[in-house]
Structure formats: C-alpha cells, structure tokens
Amino acid sequence: MSTYCTATVINHKEIVPGVWKMELAAPEIAKTARPGQFIQLYPPDERNLLARPISLSSISKMSVTIVYRVVGKGTKQFSCLQVDDMVHVMGPLGNGFTLLDAGTQNVIVGGGLGIPPLLELAKRLHGNTVVLLGYQDDPFMAEDFQRLGLEVHIASQSGNYGFHGNVLDMLKNITFPVGQIFACGPRQMLQSVSMWAKEHNVPIQVSLEERMACGLGACLGCGVKIQKHGEQDWRYLRVCKDGPVFSGEEVVWNG
Amino acid sequence: MSTYCTATVINHKEIVPGVWKMELAAPEIAKTARPGQFIQLYPPDERNLLARPISLSSISKMSVTIVYRVVGKGTKQFSCLQVDDMVHVMGPLGNGFTLLDAGTQNVIVGGGLGIPPLLELAKRLHGNTVVLLGYQDDPFMAEDFQRLGLEVHIASQSGNYGFHGNVLDMLKNITFPVGQIFACGPRQMLQSVSMWAKEHNVPIQVSLEERMACGLGACLGCGVKIQKHGEQDWRYLRVCKDGPVFSGEEVVWNG
Amino acid sequence: MDSRMETTIAGVTWKNPVTTASGTFGSGREYGELIDLNRLGAITVKGVSEEAWKGNPVPRLAETQSGLLNSIGLQNAGAELFIENDIPFLRQYDTKIIVNICGHTLSQYCAVAERFADCDIDMLELNISCPNVEEGGLSFGTDPHVVERVVKAVRHYVKQPLIVKLSPEVTDITEIARAAVSGGADALSLINTLRGMKIDIHKRKPILANKIGGYSGPGIMPVALRMAYEVCHSVDVPVIGMGGISTFEDALQFIMAGAEAVAVGTANFHNPYATVEIIDGIRQYMKENKISSLEEIRGCID
Amino acid sequence: MDSRMETTIAGVTWKNPVTTASGTFGSGREYGELIDLNRLGAITVKGVSEEAWKGNPVPRLAETQSGLLNSIGLQNAGAELFIENDIPFLRQYDTKIIVNICGHTLSQYCAVAERFADCDIDMLELNISCPNVEEGGLSFGTDPHVVERVVKAVRHYVKQPLIVKLSPEVTDITEIARAAVSGGADALSLINTLRGMKIDIHKRKPILANKIGGYSGPGIMPVALRMAYEVCHSVDVPVIGMGGISTFEDALQFIMAGAEAVAVGTANFHNPYATVEIIDGIRQYMKENKISSLEEIRGCID
Ligand SMILES: Cc1cc2nc3c(=O)[nH]c(=O)nc-3n(C[C@H](O)[C@H](O)[C@H](O)COP(=O)(O)OP(=O)(O)OC[C@H]3O[C@@H](n4cnc5c(N)ncnc54)[C@H](O)[C@@H]3O)c2cc1C
Ligand SMILES: Cc1cc2nc3c(=O)[nH]c(=O)nc-3n(C[C@H](O)[C@H](O)[C@H](O)COP(=O)(O)OP(=O)(O)OC[C@H]3O[C@@H](n4cnc5c(N)ncnc54)[C@H](O)[C@@H]3O)c2cc1C
Ligand SMILES: Cc1cc2nc3c(=O)[nH]c(=O)nc-3n(C[C@H](O)[C@H](O)[C@H](O)COP(=O)(O)O)c2cc1C
Ligand SMILES: Cc1cc2nc3c(=O)[nH]c(=O)nc-3n(C[C@H](O)[C@H](O)[C@H](O)COP(=O)(O)O)c2cc1C
Ligand code: FES
Ligand code: FES
C-alpha cells in the first residue's frame with residue numbers, strides 16, 4: 001500500500017558537491033517500506049507537473065532517507081528545501097529487492113547514484129555480504145556501508161580513490177563463489193555486470209531507472225524491455241510497478 | 001523612466017479583512033514616482049506570467065507603499081509575502097495626476113480600493129481639499145487622510161459607518177463651489193461622478209483600471225475608449241501609458 | 001450520493017460528471033490504492049486494441065512547463081486479456097465503465113468494437129487519433145470523410161452508446177464533430193493530445209525516443225476549452241470535455257461552455273486525488289451558489 | 001558585437017538570431033526605456049494595416065496557467081502614422097526593422113505592402129492569421145490555396161525580403177508552409193497564436209469580451225517547436241521560430257530543430273529583459289560548448 005502525503009524535511013545536507021541527503025518524516029511510508037523501493041517526490045514549483053522518483057536509501061520507524069544528485073529542475077528545487085519545509089510525496093513504490101534465505105555469499109554492486117538505494121538492502125541482507133562501490137571520482141556513503149561491518153571495496157574511474165577502474169573489474173577479482181548479486185547504477189554498468197552474472201550462472205537483481213509520470217503502474221510511461229524465461233518475445237514492463245528491481249537475465253539490454 | 005527590479009518587503013499587514021498594506025524598499029522607483037502612478041508587481045508563482053498593476057498609495061524617499069485587496073491568484077500570493085521577502089516589480093508607470101496651481105477648492109473622491117491611490121495625491125495637492133470616501137461597509141485609511149488635516153467625509157453602502165449612501169450623494173451635498181475633482185474607484189462611481197462634474201462644469205481627473213500585460217504601452221491590451229475634445233470619434237488609449245489618469249469628460253463611459 | 005450531480009449521457013446515468021481520461025488511469029486498479037473508485041462518475045480505461053500492442057520505444061515521457069509529452073504508443077495487452085482481467089475488476093465498483101478502443105485500420109477498429117459488443121461495459125469510446133496505417137499514417141481523426149466512415153463502420157458492431165473522441169489537430173473541429181455525429185456518434189469527447197516536441201540541448205536530441213509526442217496538461221486547457229465550446233455549439237449530442245483539467249474551477253469552465261461531463265487526465269499524475277477533489281469542489285460550488293442541478297449552469301456561455 | 005552569432009535570413013544579416021514577436025513589443029519605444037534596443041538582432045513591430053484599426057472591445061487579456069490569451073484585434077494607427085513616427089525612431093538603432101502587416105481582404109494586404117515598398121525597412125512579415133472578411137471570416141492562413149494566392153499577390157508589391165507568418169491552426173502545417181513558399185515567401189515565421197478561451201466561473205462569462213483569443217506563452221511551446229521542426233524539414237527557406245520562448249534554452253531548442261532565428265513575445269511581459277537575457281544565454285552556451293558558429297548546432301535534430 002502506498003500513500004500520497006505531505007512529509008516534513010527533518011535533515012538535509014550536501015554530502016559531496018551536488019549530492020544531497022534528505023531525511024523526511026513520513027511515518028506512513030516508513031511503516032511499510034522495503035529496500036529497493038522508491039518514492040515520488042513532487043517539485044514545489046508547480047510548473048513541474050511530474051514527481052521525481054528517488055530511491056529510499058534508508059528506512060527508520062518514522063522517517064525515510066534519500067540521497068540524490070542535482071541534475072535538473074526538480075532536484076535543484078529539492079536542494080533548496082530547508083529543514084521543516086513540507087513536500088508532497090507518494091510511496092513506498094515499486095517491488096524492492098527480493099531477500100532470499102540466509103547462508104549465501106552476497107555481492108552488492110553500486111555505481112554512482114546507484115549506491116544509496118543499496119544501503120538499506122545491505123543492512124537487511126542475510127549471509128555474507130561484500131560491497132563493491134564505483135565512483136567517477138569523489139566517493140560518498142562508503143563509510144555507511146563500512147559501519148555495517150561489511151567488506152567494502154571502492155573503485156574510481158579517475159583512479160584518485162581506491163581501485164583504478166570500475167566495479168566489473170573488482171567483481172572479476174573476487175575469489176570466493178558468488179551466491180547472488182544486487183546491483184544498481186548506470187545502465188551500462190548493470191548490463192556488463194548482468195553479462196558477467198549470466199556467464200557465471202549467478203542470479204542477479206538489478207534496479208533500473210526510467211522516466212515516470214504516474215509512478216503507480218497506470219500510464220505505461222516507464223517501459224523496460226523484459227523477456228521472461230520461457231516467453232517467445234520481450235514486452236515492455238513497468239519500472240515503477242513491475243520494478244524497479246528486475247532479474248538481470250530477463251532485461252533485454254540492447255534495445 | 002521606469003525600472004524593473006527586485007524590491008524587498010519592509011512592512012506588510014492586513015489593515016481590514018482582505019485588504020493589505022505593503023511597503024516595498026525600492027529607491028529607484030520611489031525617486032521618480034508621482035501620485036496616481038502605479039507599479040507592476042510580479043506574482044512569485046511563475047505559472048502566473050503577468051504582473052499585477054497596483055497603484056502607489058504613498059511614496060517616501062526609499063520606499064513605496066501599496067494597499068491592495070486579495071481578489072484572485074496574484075493578490076493571494078502577495079498576501080503571503082513576509083517581511084524581507086523579495087519580489088519583482090516594475091515602475092513607476094503611467095501618467096499620474098496632474099497637479100494644477102494652488103488656490104482651488106479640490107475634492108477628492110475615492111471608493112473602496114480606489115481610495116489608497118489618492119493618499120499621496122492628497123498630501124501634495126495645493127489649495128483647499130475635501131475628501132469624500134465611500135465604502136461597502138468597513139472603512140479603512142480614512143485616518144490617513146484625517147492625519148493630513150483635511151476635511152474627510154465617509155459614506156458606507158451598508159449605513160454602518162458615516163453617511164448612509166454613496167460618494168455621489170455626498171458630492172451633491174457640498175455647498176462651496178468645487179474647483180476640481182480627483183476620483184478613483186469602481187467604474188460606475190467614476191461615471192456618475194464624471195456626469196455630475198460635466199453638468200457642473202468642473203474639471204475632473206479619474207484613475208481607471210484595465211487588465212494589463214506589458215504595463216508599458218507596448219501590447220495595447222489595456223484599452224479604454226477615449227474621445228478627445230475636437231475629435232470625431234473615440235479611439236482606444238492605453239490605461240498603462242496614456243493613463244491610468246484621464247479627464248473624466250473624455251472617457252466614453254457607455255461602451 | 002448526491003442526485004444533484006447526476007449526469008446522463010446517451011442514456012447512461014453517471015452519479016457525477018467526472019470520469020478519467022483514457023490512458024492516464026490504467027483500468028483504475030493502481031489509483032484504487034489511493035482513492036475510492038466508487039466516487040467516480042465513470043472510469044474511462046486506457047486504449048484497448050484487438051491484439052496486444054507493444055508501444056513505442058522509451059523514453060516515452062517528457063515534462064514541459066505546465067504540461068507533459070507522452071509517446072506511449074497505445075501499449076496494451078489486447079482485448080482478450082482486458083476482458084478477462086479488467087472488466088471483472090471494474091465491475092466490483094459502483095461506477096460506469098467506458099472502454100476506449102483503438103486501431104490502425106478500419107477492420108481493426110471494427111474487430112475490437114465487435115469484441116466488446118456483448119461485454120458488460122457501459123459505454124465505448126472510439127479514439128480516432130490513431131495513425132491510419134493503410135493511408136500513409138495520418139491520423140483517422142483529421143479528415144471528416146474518414147471520420148464519418150470509421151464511425152459508421154464501428155457503429156455497426158457496437159451495442160453500447162458510442163462516444164467518439166476527437167483529435168484537436170485539425171483546422172476546424174466543428175467540421176469533424178459534425179462528421180462524427182453523422183457517422184452515428186451518441187456523444188463526443190475532446191480533446192485528445194496536441195502533438196508537441198521537446199529537445200535536450202545538452203544531448204542535442206529530442207527527449208522522446210519517438211521525437212514527437214502527445215501534449216497534455218494545463219498547458220492545453222485554453223485550446224481544449226475553446227474547442228469544447230465550439231463543438232457544444234455545433235452538434236446536438238452530449239460532449240465530454242477534457243484537456244488540462246486539474247481543479248474543479250477548470251471542470252466548471254467546461255460545463256459552462258456546454259460540456260455534459262469532464263475527464264481528468266494528466267492532473268492525476270500531479271495529484272492522485274485530483275478526481276475526487278474535483279468532484280468535491282463542484283459539489284461545494286453548487287452548495288455555495290445554491291445550484292440544485294448542473295443544468296442551471298451548463299452551457300450558460302452563449 | 002560578436003560575429004559568431006550573426007545570422008543571415010533571406011540576404012539580411014542580423015547581429016544575432018533574436019527578434020521580438022510582433023504585437024508584444026510595440027515598435028520598441030516602450031521597452032527601449034528598460035533595455036538597449038541595439039542589442040537585438042531585429043525588431044519586429046506590431047501589425048500594421050493600410051488604415052487605422054480600432055481593435056476589439058476590452059477586456060482583451062486573460063492570464064492562463066503558463067500562458068496568455070489576447071484579443072487585441074490588431075489595433076493600430078495605420079501605415080501612414082507608422083511610417084511617419086516609428087520608422088525614424090527605429091532607424092536610430094543598429095538593429096534590423098521588420099514590419100508586420102495585416103489585412104482583412106486581399107486588396108488591403110496588397111495596399112499596405114505597396115505602402116511599405118519604398119520605405120526604409122529591412123524585411124516585411126506577412127501575418128496571414130487575419131480573418132478573411134470576404135470569405136466568411138475564416139483565417140487566410142488555413143487554406144493552402146488561399147495562402148499561395150495572398151502571398152503571390154503581396155509578393156508583387158513587396159521590395160524587401162518577405163517573411164510569411166503561419167497560423168498553427170491547421171491540420172498539416174507543412175502543407176501551408178509549402179504553399180507560402182510556392183507563393184514566393186523568402187522566409188517563414190511560426191507560430192502565431194493558437195485560439196483559446198477562459199471562463200470566469202463566478203461571473204459565468206468568458207474573460208475576454210471577444211470570448212475567444214490568441215493563446216501564447218510557454219504553454220504553446222511544445223506545439224510551436226514541433227511545428228517549427230516539421231516546417232524546417234519540409235521547405236528550403238529559412239524559418240524564424242517562436243511560440244513560448246522565454247529562456248536561451250528554449251531558443252536553442254528551436255535552433256536545433258532547424259530554425260534560423262527566433263522571436264520572443266509573451267516572455268517580454270513576464271520579464272522585460274527576456275530578449276537580452278536570451279542573447280546573452282546563447283552566447284554563454286556557445287562559449288561553454290566551444291561552438292564557433294550557430295551552424296554547428298542548427299538543425300542538428302534530424
Ligand atoms: C526508480 C528510480 C529511482 C531513482 N533513485 C534515485 C536516487 O536515489 N538518487 C538520485 O539521485 N536519482 C535517482 N533517480 C533518478 C532521478 O529520478 C532523476 O535524477 C530525477 O528525476 C531528475 O529530475 P530533475 O528534475 O532534476 O531533472 P530534469 O532533467 O529536469 O527532469 C525532467 C524529467 O525527466 C525525468 N528524469 C530525468 N532523469 C531521470 C532519470 N535518471 N530517471 C528517471 N527520470 C528522470 C524527471 O523525473 C523529470 O520528469 C531514480 C530514478 C528512478 C526511476
Ligand atoms: C492602474 C491600476 C491600479 C490598480 N491599483 C490597485 C490598488 O491600488 N489596489 C488594489 O487592490 N487593486 C488595484 N488594482 C486592481 C488590481 O490590479 C487587481 O485587483 C489585481 O490585478 C488582481 O489580481 P489577482 O491575480 O489577485 O486576480 P485574478 O483575477 O486572479 O487575476 C487574473 C488576471 O486579471 C487581472 N485583473 C483582475 N482584476 C483586475 C483589475 N481590477 N484591474 C486590472 N487587472 C485585473 C490580473 O492582473 C491578472 O492578469 C489596480 C489596477 C490597475 C489597472
Ligand atoms: C500517458 C497518456 C496516455 C494516453 N493514452 C490515451 C489512450 O490510450 N487513448 C486515448 O484516447 N487517449 C489517451 N490519452 C489522451 C488523454 O485521454 C486526454 O485526451 C489528454 O491527455 C488530454 O487530457 P489531460 O490534459 O487531462 O491529460 C493519453 C494521455 C496521456 C497523458
Ligand atoms: C498581445 C499580443 C499581440 C500580438 N499581435 C500580433 C500582431 O500584431 N501580428 C502578428 O503577426 N502576431 C501577433 N501576435 C502573435 C505573436 O507575434 C506570436 O506569434 C505569438 O504570441 C507566439 O509567441 P509567444 O508565445 O512568444 O508570445 C501577438 C501576440 C500577443 C501576445
Ligand atoms: S510511471 Fe506510469 S506506469 Fe510507470
Ligand atoms: S498593458 Fe500593454 S499597452 Fe497597456
């Protein structure tokens with residue numbers, strides 16, 4: 001069950017240049033939210049009709065926390081919100097990650113702004129979890145994962161931080177048998193990690209993005225090409241309702 | 001010369017229910033403004049493209065004061081402005097009242113929200129000035145005129161305050177010979193006062209309203225039918241540029 | 001329930017004059033999580049074709065100032081699955097069911113109409129803005145002769161009251177409206193989207209994969225209202241007005257222009273409670289203005 | 001001055017690709033109090049007819065969400081007074097002068113064109129959205145045959161390069177564009193306003209005395225951009241794009257769609273500095289993206 005309500009900003013700060021972390025008091029949403037779900041956040045300037053989908057990064061009893069990058073008009077407006085300001089929000093939305101039984105070797109793979117949605121997942125995963133985080137340059141939130149006591153590896157494209165390269169390279173270097181993968185980040189990254197997973201016969205869940213209008217599954221705006229096992233052909237499923245988390249094998253990447 | 005600038009709200013309060021008085025720090029505008037001129041005030045919500053024309057009620061060295069009634073979307077937004085908020089404004093605009101030589105018997109006639117624009121005029125008029133103010137019910141700003149030491153008469157349609165009736169009735173009761181009239185208020189009132197003035201051969205200046213887009217005289221949106229002395233026919237003049245103050249005799253009232 | 005808001009269109013009585021605009025509300029299931037579907041006068045479902053349509057490539061959505069571009073391309077699972085899943089779902093609610101149908105050829109239109117002839121639905125809405133694949137891809141809805149022909153053909157199969165939904169992309173909307181009526185429309189709905197475009201100046205390409213999409217939302221309302229007004233004054237069948245309606249004030253403008261009912265589309269995305277707020281707003285307006293039936297204000301603009 | 005922004009349209013070189021939309025900027029005099037008119041690539045003046053036109057009754061303006069309705073009715077003092085007062089005023093500035101002309105009959109169009117033939121102006125813009133009084137009042141601009149005829153007739157009298165300004169209220173804008181070109185247009189400009197309406201639900205009447213007015217502003221931009229794109233891909237003459245342009249990003253979208261230049265209209269009312277901010281914004285964008293001529297991005301959307 002999702003709700004549409006007004007949430008109050010209770011914490012808001014820029015964690016690295018252009019990337020903001022915002023905590024919203026929204027008990028109704030927090031109550032039922034699961035890792036991998038998202039909210040629709042409505043820009044205060046009503047010339048912008050559409051809400052912006054932003055993943056839940058962490059979930060507490062009364063509030064949810066999101067981490068977002070300022071890329072355009074909507075996120076620019078969010079970054080101007082002050083503590084105690086109110087904002088319209090709908091959620092929790094989407095399917096979230098599927099948490100399997102304990103005892104597996106989990107690998108969490110995050111790239112850039114795909115990292116925040118993985119934090120709540122990391123908290124809740126059973127079994128052993130290794131976290132691979134890739135950045136353009138400046139890392140952020142790595143310490144949040146470390147604080148959970150997990151093994152965290154960092155890569156940066158610039159080579160200024162951690163491993164010089166991308167998460168795929170780090171994944172290839174893993175020596176133990178990977179049980180399952182959870183990935184979120186740029187499409188290119190998700191595709192290459194999914195290819196690797198397929199080759200190695202490892203189940204993988206990926207969280208995808210697409211432009212949204214309703215966020216509820218009604219408008220069919222947010223299509224992603226999915227070919228289910230045993231189906232003849234792909235069809236467009238809805239990122240907002242059937243996703244955002246899909247099996248990496250079922251996504252038709254080249255299209 | 002008018003300017004387009006950002007002004008700061010330095011005083012703002014509701015003087016009677018639904019009627020607000022706002023002082024704006026706008027030195028550039030204050031410097032050259034004359035009584036009867038107006039400003040264009042831009043609503044903060046940018047879905048409202050057009051500025052709202054509001055008359056200057058009083059003018060000081062660094063600031064201008066306006067008095068407005070909340071009637072729709074724009075004025076509603078103005079009423080939410082707080083002290084220290086900024087607002088876009090253009091002005092001073094229009095011709096303003098023409099101040100003739102001293103030594104006349106002036107009558108100022110104001111109705112409702114036509115009263116505020118007459119205050120600065122009242123301050124600057126030479127000669128003897130009588131002020132007739134008409135209200136639906138609740139009077140406002142009468143004391144501002146009284147404080148200038150002028151003779152002020154009040155009428156209300158409801159009969160709850162002052163004379164029970166309208167300003168025209170009060171005008172008819174004036175015993176001394178009226179030298180000139182300055183009037184602002186509902187069109188119906190301006191028309192009847194202009195008719196009276198014509199009958200009694202008294203020059204009259206009226207301040208008119210019309211919907212505006214540019215406020216500068218460029219779009220011809222704000223037409224008023226004017227027939228100048230000696231012209232064969234009426235034509236549309238611009239309230240924003242040729243007015244808002246016109247000779248009451250030249251206005252084509254029935255059309 | 002409040003009989004003062006009852007509205008009868010082509011013999012079907014809605015409890016109030018508010019429905020959803022096709023394609024913006026699915027079949028109601030999703031919005032049903034947030035609002036009580038029993039509140040709606042009718043639910044107009046997304047376009048249904050004879051067979052499944054895959055829809056257009058993504059991105060399919062672009063936000064504009066006070067508007068939205070979409071190029072969904074009428075993705076749908078086809079009439080069969082719709083009849084199986086959606087009609088029983090909708091019938092649980094006390095609201096009228098309007099099925100919006102589409103096709104790329106005359107025979108596809110007829111086939112889907114026939115498919116619904118014996119179904120338990122209240123009205124059929126014919127979307128004539130689809131590209132006419134047999135005749136170069138121009139929309140069916142732009143030529144009065146084609147409009148009359150397609151309406152007549154479909155009419156033959158339809159058993160429910162038939163609403164024809166007009167495309168605004170024409171020189172003279174009244175000509176098209178008359179053609180639809182003479183083809184046998186029991187009611188008209190308008191407007192469908194205008195075609196629009198938006199370009200990403202940084203990527204230097206259109207935002208929509210399809211380049212051009214249907215423009216909806218508050219930005220089209222002045223055009224929609226003008227067209228609804230023109231059509232109400234040129235035909236005798238009831239008109240369902242839509243295009244940018246977001247508030248009860250907007251809805252009342254259409255009713256004063258002569259519309260029998262209104263549909264709410266893009267506004268649902270901006271505010272999922274839009275439909276019920278509009279219904280409540282109209283009721284409140286009627287109360288405050290002592291209006292006992294919408295007839296008192298309907299078409300009051302001459 | 002910055003030659004990288006120079007734009008040549010039908011042989012006339014503007015210092016930058018930004019002009020004003022006819023009717024929103026008078027003859028520049030009033031805005032000249034606030035901005036430096038020398039900054040503009042060209043000034044397109046308000047519509048001028050052979051004799052004075054009184055214009056429509058007031059109210060003539062209605063604000064809509066992100067848009068404006070106007071029913072000025074082309075009020076103007078006639079060609080003679082314009083030539084006497086406005087041309088000498090404009091010639092003081094280093095900017096091109098484009099005179100927008102209008103008429104209610106073919107012969108009125110020809111008469112006003114002839115009146116300007118020997119005047120010191122740079123281009124003539126023919127507004128074909130006027131009602132054709134001799135043929136039932138429908139706009140000249142909606143029928144390709146009429147468009148070709150009126151352009152050809154006017155062309156005969158005109159000595160300056162001739163821009164034909166298209167009405168968007170047609171089923172297929174490219175058909176009209178081709179008709180204008182085959183009539184002899186040296187350039188096209190588009191779009192003129194869409195017709196729209198707004199109703200005051202408290203007074204229960206339209207806000208405009210004229211009921212219907214021309215809709216402009218950001219709300220029409222998606223349609224304007226799509227039409228500019230379509231026209232740029234169907235004729236070989238340069239196109240001046242307009243309709244809702246308020247920022248340099250908006251202007252660049254039209255240029256990427258293929259427009260040679262752009263005009264800024266309603267945005268002037270919202271921000272009197274709009275034209276110069278757009279010029280500065282384009283320059284800045286070119287600098288940041290190392291673009292040395294607008295040719296590098298013009299029409300980059302295929
Ligand atoms: C399920 C989901 C979860 C997401 N989680 C996060 C997150 O946790 N942190 C984060 O920084 N970003 C996240 N995004 C991306 C985020 O939605 C966009 O960055 C944001 O919508 C941009 O809005 P804007 O107004 O600033 O940009 P503009 O470009 O001005 O937006 C214009 C329109 O495009 C849409 N849009 C633009 N980029 C995207 C995008 N990448 N995905 C979807 N819609 C887009 C906007 O929503 C809006 O409708 C997520 C996207 C999805 C689909
Ligand atoms: C020269 C001039 C001076 C004025 N001075 C004052 C004043 O000192 N105090 C005051 O309270 N009011 C004054 N008005 C009226 C004031 O401009 C309107 O009340 C105001 O524009 C309403 O805006 P809104 O957004 O609240 O109403 P809405 O109805 O939402 O406005 C919609 C549109 O209509 C226009 N509009 C609505 N009513 C009027 C009107 N009466 N005159 C002009 N445009 C209108 C608005 O500007 C806007 O463009 C003046 C008007 C003019 C022309
Ligand atoms: C995402 C989306 C999908 C649509 N799908 C359909 C459709 O399937 N059939 C149809 O007739 N109209 C469709 N429309 C048009 C709407 O029903 C409506 O006519 C139009 O959007 C104008 O109304 P609005 O401004 O309230 O949205 C769609 C509109 C949108 C925004
Ligand atoms: C108040 C007003 C007056 C206009 N007068 C004319 C005119 O005289 N001649 C003309 O060709 N177009 C006229 N137009 C149309 C504009 O030139 C322009 O085509 C249209 O407004 C779209 O651009 P915009 O959205 O930037 O305003 C007028 C528009 C407005 C708003
Ligand atoms: S955003 Fe509407 S279906 Fe996904
Ligand atoms: S408002 Fe534009 S001329 Fe007066």
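Just so it is clear, the values below take in all heavy atoms, side chains as well, and ignore hydrogens, waters and symmetry mates. Nothing here was measured: the structure is a model prediction, and the numbers come from that model. Residue numbers begin at 1 in each chain, while the letters A, B, ... track the order of the sequences.
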When every non-hydrogen atom of D:Ala62 is compared with those of D:Leu208, the smallest separation belongs to N-CD2, 3.9 Å

What distance separates B:Thr65 OG1 from B:Ile10 CD1, expressed to the nearest 0.5 Å? 7.5 Å

Test item: D:Ile191 and D:Leu166 side chains (from C-beta on) under 4.5 Å apart, heavy atoms: no

Around atom CD of B:Gln136, are there more than 12 heavy atoms of other residues, nucleotides or ligands at under 6.0 Å? no

Who wins among D:Pro272, D:Gly23, D:Gly67 for the most heavy-atom pairs under 4.5 Å with chain B? D:Pro272

Region of D:Leu34 that comes under 4.5 Å of a non-hydrogen atom in chain B: side chain

For chain D, which candidate among B:Gly74, B:Gly215, B:Cys214, B:Cys222 shows the most heavy-atom pairs at distances under 4.5 Å? B:Cys214

Looking only at N and O atoms, which donor-acceptor pairs between chain B and chain D are within less than 3.5 angstrom?
residue  : atom : partner  : partner atom : Å
B:Ser2   : N    : D:Glu33  : OE1          : 3.3
B:Ser2   : OG   : D:Glu33  : OE1          : 3.4
B:Tyr4   : O    : D:Tyr273 : OH           : 3.3
B:Glu46  : OE1  : D:His270 : NE2          : 2.9
B:Arg47  : O    : D:Ser66  : N            : 2.9
B:Asn48  : ND2  : D:Glu63  : OE1          : 2.9
B:Leu49  : N    : D:Glu63  : OE2          : 3.1
B:Leu49  : O    : D:His270 : ND1          : 2.8
B:Leu50  : N    : D:Glu63  : OE2          : 2.8
B:Arg52  : NH1  : D:Glu63  : OE1          : 3.3
B:Arg52  : NH1  : D:Glu63  : OE2          : 2.7
B:Arg52  : NH2  : D:Glu63  : OE1          : 2.8
B:Ala218 : O    : D:Gly26  : N            : 3.3
B:Leu220 : O    : D:Arg60  : NH1          : 2.7
B:Asp233 : OD1  : D:Lys54  : NZ           : 3.4
B:Asp233 : OD2  : D:Lys54  : NZ           : 2.6
B:Trp234 : O    : D:Lys54  : NZ           : 2.8
B:Tyr236 : O    : D:Gln75  : NE2          : 3.0
B:Arg238 : NH1  : D:Glu30  : OE2          : 3.3
B:Lys241 : NZ   : D:Glu33  : OE2          : 3.0

Heavy-atom side-chain proximity of B:Trp20 to B:Leu81 below 4.5 angstrom: no

With side chains defined as the heavy atoms from C-beta onward, is the minimum distance between D:Ile98 and D:Val45 less than 4.5 Å? no

Distance-minimising heavy-atom pair for B:Gly221 and D:Leu61: CA-CD1, 3.7 Å

